[in-house]
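Working notes, structure below.
It should be emphasised that the depicted structure is a prediction, and the values quoted were computed from it without experimental measurement.
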Protein chains: 2
Amino acid sequence: MALENQELRKAGLKVTLPRVKIYQILERAGEGDHFSAEDIYKILMEQGEDVGLATVYRVLTQFEAAGLVSRHHFEGAHSVFELARDEHHDHVVCVKCGKVREFSEPKVSEILDKVAEELGFSITERTLYLYGTCKDGCEDDKA
Amino acid sequence: MALENQELRKAGLKVTLPRVKIYQILERAGEGDHFSAEDIYKILMEQGEDVGLATVYRVLTQFEAAGLVSRHHFEGAHSVFELARDEHHDHVVCVKCGKVREFSEPKVSEILDKVAEELGFSITERTLYLYGTCKDGCEDDKA
DNA sequence: GTGTTTGCAAATAGTTTGCAAGAAC
DNA sequence: GTTCTTGCAAACTATTTGCAAACAC
């Protein structure tokens with residue numbers, strides 16, 4: 001139970017209720033789950049925690065700065081967050097149901113590294129999002 | 001001079017001063033030039049045109065819907081626009097100087113199509129942005 | 001003329017910030 | 001006890017919308 005506390009301390013952040021709770025929510029997420037600040041805020045409310053939305057934003061920003069989470073901007077709207085993992089991965093987003101799938105293709109990274117090399121760029125980050133629709137049952141429940 | 005008028009008509013848009021002027025600004029852009037609504041608004045002001053910022057947004061949105069321009073969201077901030085071209089291309093963005101380079105790698109598209117296939121997704125669009133820094137002279141003039 | 005488009009001001013969505021009160025160490 | 005953190009309300013940024021006046025055709 002104190003595992004997340006270690007993570008927080010390691011990141012130079014004091015162990016406070018909002019940070020622990022938010023970290024736990026992110027930890028519980030399955031692959032492909034991404035939360036917006038608002039999502040997290042709502043979950044906290046449901047859990048009866050008294051945490052302000054502004055704090056959720058602040059904590060997520062701190063987590064991002066500490067490398068604990070990564071932030072994504074799917075289709076322009078709000079940001080969503082997920083716990084950072086070691087292996088880089090890219091995202092497929094269904095524009096109908098909002099579902100997100102992840103994938104990782106070493107060959108793509110390889111090619112992009114070469115492109116950067118040729119252009120004289122030193123890449124620090126990339127975003128690769130595929131938008132489309134699930135072919136299988138995909139109820140338009142973009143809640 | 002009436003070429004852009006043709007484009008507008010083809011898109012089902014009446015030929016009005018704001019639309020023509022905005023189209024011309026986009027047309028003048030070199031490869032890698034991307035304008036935000038604000039950029040375009042400022043250029044119009046400098047040219048002495050009396051066009052509202054809201055109109056710039058409306059026109060750009062209409063152009064996008066008509067397939068005349070594509071919209072990009074580089075690093076979260078505001079949207080930028082460029083005239084749509086036939087060949088798909090991806091972007092490299094320098095986070096120091098803001099410069100944008102374009103590239104196109106058929107092999108990447110090929111791999112991504114395969115990924116989508118395997119995941120049972122039907123891709124309609126993708127965004128692939130590489131962020132980093134120019135290795136050569138790149139004055140931090142991210143104006 | 002009639003329907004579209006525009007400019008302006010006000011509204012909106014997502015996110016950030018100032019500040020005094022409260023918690024961590 | 002001192003410094004970091006929080007909650008709230010207010011500010012901010014990018015963008016959108018309502019509406020009456022102006023324009024395209």
Original post:
With respect to A:Tyr129, which candidate in A:His73, A:His72, A:His91 satisfies the side-chain hydrogen bond (donor to acceptor under 3.5 Å, both in side chains) definition?
Top reply: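 Passing option: A:His72.
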Taking only the side-chain heavy atoms of [X] (C-beta and beyond), determine which of [options] contains the nearest atom.
| X | options | answer |
| --- | --- | --- |
| A:Asp50 | D:dA14, D:dC8, C:dC8 | D:dC8 |
| A:Val51 | D:dT17, D:dG7, C:dG14 | D:dG7 |
| B:Pro18 | D:dC4, C:dT6, C:dC8 | C:dT6 |
| A:Tyr57 | C:dC25, C:dT16, D:dT16 | C:dT16 |
| B:Val15 | D:dC25, C:dC25, C:dC8 | D:dC25 |
| A:Arg58 | C:dT17, C:dT6, D:dC25 | C:dT17 |
| A:His78 | C:dG14, D:dT6, D:dT16 | C:dG14 |
| A:Thr61 | D:dA24, C:dG7, C:dT16 | C:dT16 |

**OP:** Assign each of B:Leu13 and A:Glu38 to its nearest nucleotide of DNA chain C by heavy atoms, then name whichever residue's nucleotide is nearer the 5' end.
**Re:**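 Closest to the 5' end, via its nearest nucleotide, is B:Leu13.
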Original post:
Just checking B:Arg19: base, sugar-phosphate only, or nothing, at a heavy-atom cut-off of under 4.0 Å?
Top reply: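 Counting heavy atoms under 4.0 Å across all strands, the contact made by B:Arg19 is with sugar-phosphate only.
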Original post:
Base, sugar-phosphate, or nothing for A:Ser79, non-hydrogen atoms under 4.0 angstrom?
Top reply: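 Answer is sugar-phosphate: A:Ser79 comes under 4.0 Å of backbone atoms only.
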Roughly, in whole Å, what's the span from [atom1] in [X] to [atom2] in [N]?
| X | N | atom1 | atom2 | value |
| --- | --- | --- | --- | --- |
| A:Lys21 | D:dT5 | NZ | C1' | 17 Å |
| A:Phe81 | C:dG14 | CZ | P | 13 Å |
| A:Leu8 | C:dA24 | CG | P | 13 Å |
| B:Tyr41 | D:dT15 | OH | C1' | 14 Å |
| B:Met45 | C:dG7 | CE | P | 8 Å |
| A:Asn5 | C:dA24 | CG | C1' | 12 Å |
| B:Leu60 | D:dA14 | CG | P | 15 Å |
| B:Leu17 | C:dT6 | CG | C1' | 11 Å |

With a 3.5 Å cut-off and no angle check, do the side chains of [X] and [Y] form a donor-acceptor pair?
| X | Y | result |
| --- | --- | --- |
| B:Glu105 | B:His89 | no |
| A:Ser70 | A:Arg85 | no |
| A:His88 | A:Asp86 | no |

Original post:
Is A:Leu128 reachable from A:Val80 through a run of I, L, V, M, F, W or Y residues, each pair having side-chain heavy atoms under 4.5 Å apart?
Top reply: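 Looking at the clustering, A:Leu128 is in a separate group from A:Val80.
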**OP:** Following the transitive rule for hydrophobic clusters with a side-chain heavy-atom cut-off under 4.5 Å over Ile, Leu, Val, Met, Phe, Trp and Tyr, establish whether A:Val93 and B:Ile111 coincide in one cluster.
**Re:**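 They do not share one cluster, since no chain of ILVMFWY contacts under 4.5 Å joins A:Val93 to B:Ile111.
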**OP:** Check whether any side-chain nitrogen or oxygen of A:Arg9 sits under 4.0 Å from OP1 or OP2 of C:dC25, and answer yes or no.
**Re:**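 Yes, because at least one side-chain N or O of A:Arg9 sits under 4.0 Å from OP1 or OP2 of C:dC25.
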Subject >> Ion pair B:Asp33/B:Arg28, N-O distance below 4.0 Å >> reply: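 No, no charged N to carboxylate O under 4.0 Å.
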Original post:
Taking all non-hydrogen atoms of both residues, which atom of B:Ile22 and which atom of B:Val56 are closest, and how far apart?
Top reply: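 That closest heavy-atom pairing would be CD1-CA, 3.9 Å.
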Original post:
Nearest nucleotide by nearest heavy atom, which residue falls closer to the 5' end of DNA chain D, B:Val80 or B:Thr16?
Top reply: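 So the residue in question is B:Val80.
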Original post:
Is there a donor and acceptor pair closer than 3.5 Å between the side chain of A:Arg71 and the base of C:dG14?
Top reply: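 No, the side chain and the base share no sub-3.5 Å donor-acceptor pair.
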Original post:
Could you give the angle between the helix axes at the two ends of the helix from C:dG1-D:dC25 to C:dC25-D:dG1, with five pairs per end, rounded to 10 degrees?
Top reply: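 The helix from C:dG1-D:dC25 to C:dC25-D:dG1 shows an end-to-end axis angle of 30°.
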